[in-house]
Amino acid sequence: MPTRRRLVLALLLALAILLLPPNQKARGAWSLWYVATTGNNALDCLTPSTPCRTIQAAINKASPNDTLTVAAGTYSAITNAESFPITINKSVVIHGSGLATTIIDAANSAVDVVSAGGNFDFYFDGFTVRGGNHGFYINGYYPGVMTGGIDACRVTSNLIGIYTASLQGYIEHSDISANTYSGIYNYYSSPSIEQNSFGWNGSGGSDAAIYNEHSSPWVVNNVFGWNNANGIYNTQSSPTVTNNTLVFNLGGNGIANVTSSNPTITNNIIAANGVYGILADGTSSPTNSYNDVWANAWGQYSGTAAGTGSISADPRIVSIIDAHLLCSSPAIDHGNNGAPSVPSDDYDGNPRPVGGVVDMGAYEWQSPLRCPAFLPAVLR
């Protein structure tokens, strides 16, 4: 589903084109390019009946700010002679037909989004990207800055799901799972990472669903569960971590902070992880408040303290595979409305807060009543 920012962008672009004089519209309108596994790269690729065969060929034909629409199918070296790495080196929009049906099998390579040092804007949505050394390799080559981002994708079974350098865009509404080392690895980046699910990433040690190095992303409204390492690992990084649920990450800490990492951690549920809930080494000073940190195997905190408004209680989620809150959860109405980057909706897109005070975790209980009287006593 398009994000709000993409809808706004589309409206602005349409308005800009409408306001151009007629002769400028003819010369300067941005083009729409088509790709299908049954296509031919020698075609013009400008209609659904004359598509390119490979994504790379359409990118090569496109001009900056053009849009590619990619038909359902598997794009790989075997199925359509796709060229790898797929290299995006200009500002383009690339729409897949949906993550369930439009698959890039990277075969130990990657989708590279690279800039030669200048500012760069890209949008990529509606794909599954799998099987690469990186799913996405996004590098702005400092001092360049990457904007735009990844939306509604599945990034799975890569060594590293998404690598970013100099990214100031976003990664959202995506399933980032079963990547060998890290789901997202940020290096000198500050993206918005919002409304994603992270599961089965990492192999232990300092691996993590999100690994931050010299980076300060906004990590908001995500669900981390069953990762084989840390939920979030920060080294020389100070991200803002708000309204996430980090549970059952059995191979590591909920959030680990080392080497002068000073994140702000607020309104999160951090429970039943394999090491500590929140860890800080002697050089790091996280600011913790209004979190529910409970039942982590080695303890709730190491090298840091709970902070204002925090609790340690069973958050009462629905099940080990469903992190929605039961109506009796102590996390309901226990967050801080004034926390940095408190979202106006929850992981599901439902409004928050409900009942006046924001809940802890990625999900907002949607009834203003904790447990209506007609429910069985076991839920009250």
Q. So among Asn221, Asn267, Asp346, which one has a side-chain hydrogen bond (donor to acceptor under 3.5 Å, both in side chains) with Asn243?
A. Asn267
Q: Taking the six-membered ring for Trp and the full ring for Phe, Tyr or His, determine whether the centres of Tyr181 and Tyr211 are under 6.0 Å apart.
A: no
Q. Among Val258, Leu279, Asn262, Ile255, whose side-chain contact (heavy atoms from CB on, under 4.5 Å) with Asn234 holds?
A. Ile255
Output yes when a side-chain donor or acceptor of [X] lies under 3.5 Å from a complementary backbone atom of [Y], and no otherwise.
{"X": "Asn291", "Y": "Ile269", "value": "no"}
{"X": "Ser174", "Y": "Asp151", "value": "no"}
{"X": "Asn41", "Y": "Cys52", "value": "no"}
{"X": "Asn222", "Y": "Asn244", "value": "no"}
{"X": "Asp175", "Y": "Arg154", "value": "no"}
{"X": "Thr283", "Y": "Thr259", "value": "yes"}
{"X": "Ser310", "Y": "Ala306", "value": "yes"}
{"X": "Glu364", "Y": "Val354", "value": "yes"}

Could you check if a side-chain atom of [X] sits within less than 4.5 angstrom of a side-chain atom of [Y], using non-hydrogen atoms only?
{"X": "Asp348", "Y": "Gln195", "value": "no"}
{"X": "Ile86", "Y": "Ile59", "value": "yes"}
{"X": "Pro340", "Y": "Trp218", "value": "no"}

(Q) Just to verify, what does Asp333 make a salt bridge (charged side-chain N to carboxylate O under 4.0 Å, His left out) with, not counting sequence neighbours? (A) none
Q. At what distance, to the nearest 0.5 angstrom, does CZ of Phe224 lie from CG of Asn268?
A. 8.5 Å
Q: Just say parallel, tilted or perpendicular for the rings of Trp298 and Tyr276, cut-offs at 30° and 60°.
A: perpendicular
Q: Could you label the plane-to-plane angle of the Phe248 and Trp226 rings as parallel, tilted or perpendicular, counting under 30° as parallel and over 60° as perpendicular?
A: parallel
What side-chain donor-acceptor pairs closer than 3.5 Å can you find for residues 102-112, not counting sequence neighbours?
{"unit_1": "Thr102", "atom_1": "OG1", "unit_2": "Ser97", "atom_2": "N", "d": "2.9"}
{"unit_1": "Thr102", "atom_1": "OG1", "unit_2": "Gly98", "atom_2": "N", "d": "3.4"}
{"unit_1": "Thr102", "atom_1": "OG1", "unit_2": "Gly98", "atom_2": "O", "d": "3.3"}

